[in-house]
Number of protein chains: 2
Amino acid sequence: MRSAAFDREQVLRAAMNAFMEKGYNKTSMQDLKRATNLHPGSIYCAFENKKGLLLAALEQYNQDRTAELKDIFAAQNSTKCGLKAYLDSIVSECISGDPTQACLSQKAINEIAQQDDEAQSVLSNQCILWQSFMCEVFGQIAQEGGLIGSRSAEQRAQSLIVGIYGLRTYSQAQKDPTVISAIARQLLSDVCK
Amino acid sequence: MRSAAFDREQVLRAAMNAFMEKGYNKTSMQDLKRATNLHPGSIYCAFENKKGLLLAALEQYNQDRTAELKDIFAAQNSTKCGLKAYLDSIVSECISGDPTQACLSQKAINEIAQQDDEAQSVLSNQCILWQSFMCEVFGQIAQEGGLIGSRSAEQRAQSLIVGIYGLRTYSQAQKDPTVISAIARQLLSDVCK
DNA sequence: CTCTTTTTTGAATGTTCATTCAAGATATCT
DNA sequence: AGATATCTTGAATGAACATTCAAAAAAGAG
């Protein structure tokens, strides 16, 4: 009979950023209170608890990133160019070193997937959705005639995703922009061969 | 004038396991006390604080894994077979789902590299050492005549490491053993091409 | 054996944590 | 306008946290 006073998306994006800055465990409710401008009671009223807020933020994150992903492909002439542009965008995120440009899903996979079944299943589903989008992408590139070799679209999508996960991790240990973009270029050519 | 009563390596391995089970932030001093059978005061006396214990454990971990790595290659007839065996061992670690078979370095890169400069530099160095070992490996495989294409050993080493990081992350979201080993096989052939 | 130095013990410390709750505010429905 | 349901407020709660410390033990030096 009364709707929440805050903007849910705005709150979730603020929470996303907070979680990306420090990771789930190191982000305290105080941090989240500051980031969202919500009082503890409101957070618990709307999201049940800290983990509920993470799961909601994860959902919002995936929605936002999926839209972004589609925009990148839509802005290019061919799907193959779209894939190149997509990898370029990931490279620039890696190079920026900005925690809020990292991937919240990947961070969550590494930090909590193993510890929490609910998070595990959400993250697993997000990964599958991402992979099936990429599967379609490779189907289109094949139709465009941009693929060499006989690997299935699914295999290519798997290798691409693995490569992106790897790139994101690697770039936290090795920050040389030249190296990062060279690896991405290689990844692109491997996955189209 | 008095040496510590505990076995340092044994304590560090216990701490390693504790950190791998829960991650750095979720592992409490109580967990570490239980795992190492050391009283808080002893831990602080020997390692200064929780982070000091992590850094020491990380060093021990790298030492142990490097020895293991060399053993795997030494047990094979050719360096190329060594690389295959090495990837197989990683696949079986991924498939096991056992947290203590995960990579502590990778976990630490994802959880704390961004937050702590000292950890960042330790982890960056470990990554470089790993990479230079792999660089030698590809040099040897080239001499054996097991490489196609003109990529440098360093580029191949980079791609391999990125692939392994990616595989380890991916396998936490997608647990199908068939898929994991197929991706590893593809990685091996990409990196030798 | 005694002195010195270092480690071990484990309770105590003060802080920070996630969560709760009762009181007050406000939107929507009748 | 009044009733009702829901959200907001922010202080309170108790548990868990990393760390400290003083006292006890023990190892090696002289």
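Computed from a predicted structure; not experimentally measured. Note on naming: letters A, B, ... go to the chains in the order of the sequence lines (proteins, then strands), and numbering restarts at 1 for each one.
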Tell me whether the guanidinium CZ or amine NZ of Lys50(A) lies under 6.0 angstrom from the six-membered ring centre of Phe19(A) and within 45° of its axis.
no

With nearest nucleotides of DNA chain D determined for Thr27(B) and Arg2(B) from heavy-atom distances, which residue corresponds to the more 5′ nucleotide?
Thr27(B)

Spacing between Gln30(A) atom CD and dT19(C) atom P, to the nearest angstrom:
14 Å

Could you give the CE-to-C1' distance, from Met29(B) to dG10(C), as a whole number of Å?
13 Å

Please report, rounded to the nearest Å, how far the C1' atom of dA18(C) is from the CG atom of Leu38(A).
16 Å

Roughly how many Å is it from CD1 in Ile43(A) to C1' in dT20(C), rounded to a whole number?
14 Å

Between dA18(D), dG10(C), dA26(D), spot the one nearest the side chain of His39(B), thanks.
dG10(C)

When you measure from the side chain of Tyr44(A), which nucleotide among dT6(C), dA18(C), dC17(D) comes out closest?
dA18(C)

From dT19(D), dT9(D), dT20(C), pick the nucleotide closest to the side chain of Pro40(A)?
dT20(C)

Students often get this wrong, so: under 4.0 angstrom with heavy atoms, is Ser28(A) touching a base, only sugar-phosphate, or nothing?
sugar-phosphate

Closest of dC7(D), dT19(C), dA25(D) to the Cys45(A) side chain is dC7(D)

If we count only N and O atoms by modelled type, under 3.5 Å, do the side chains of Gln106(B) and Thr169(B) hold a donor and an acceptor together?
yes

I'd like to know whether CG of Asp71(A) has more than 12 heavy-atom contacts from other residues, nucleotides or ligands below 6.0 angstrom.
yes

Out of dT8(C), dC17(D), dT9(D), whichever nucleotide has its closest atom nearest the side chain of Phe6(B)
dT8(C)

Can Lys107(B) and Glu111(A) be counted as an ion pair, charged N to O under 4.0 angstrom?
no

Taking atom P of dA16(D) as reference, at what distance in whole Å does atom NZ of Lys50(B) sit?
15 Å

5'-most contact on DNA chain C: Lys26(A) or Ala46(B), nearest heavy atom basis?
Ala46(B)

Whole-Å distance, Leu32(A) CG to dT16(C) P, equals 17 Å

Atom CZ of Phe47(A) to atom P of dC7(D): distance rounded to whole Å?
11 Å

On DNA chain C, compare the nucleotides closest to Asn37(B) and Lys51(A); which residue's is nearer the 5' end?
Asn37(B)

Can you check the Arg34(B) CZ to dC17(D) C1' distance for me, whole Å?
13 Å

Without hydrogens or angle criteria, can the side chains of Arg8(A) and Gln60(A) be said to hold a donor-acceptor pair below 3.5 Å?
no

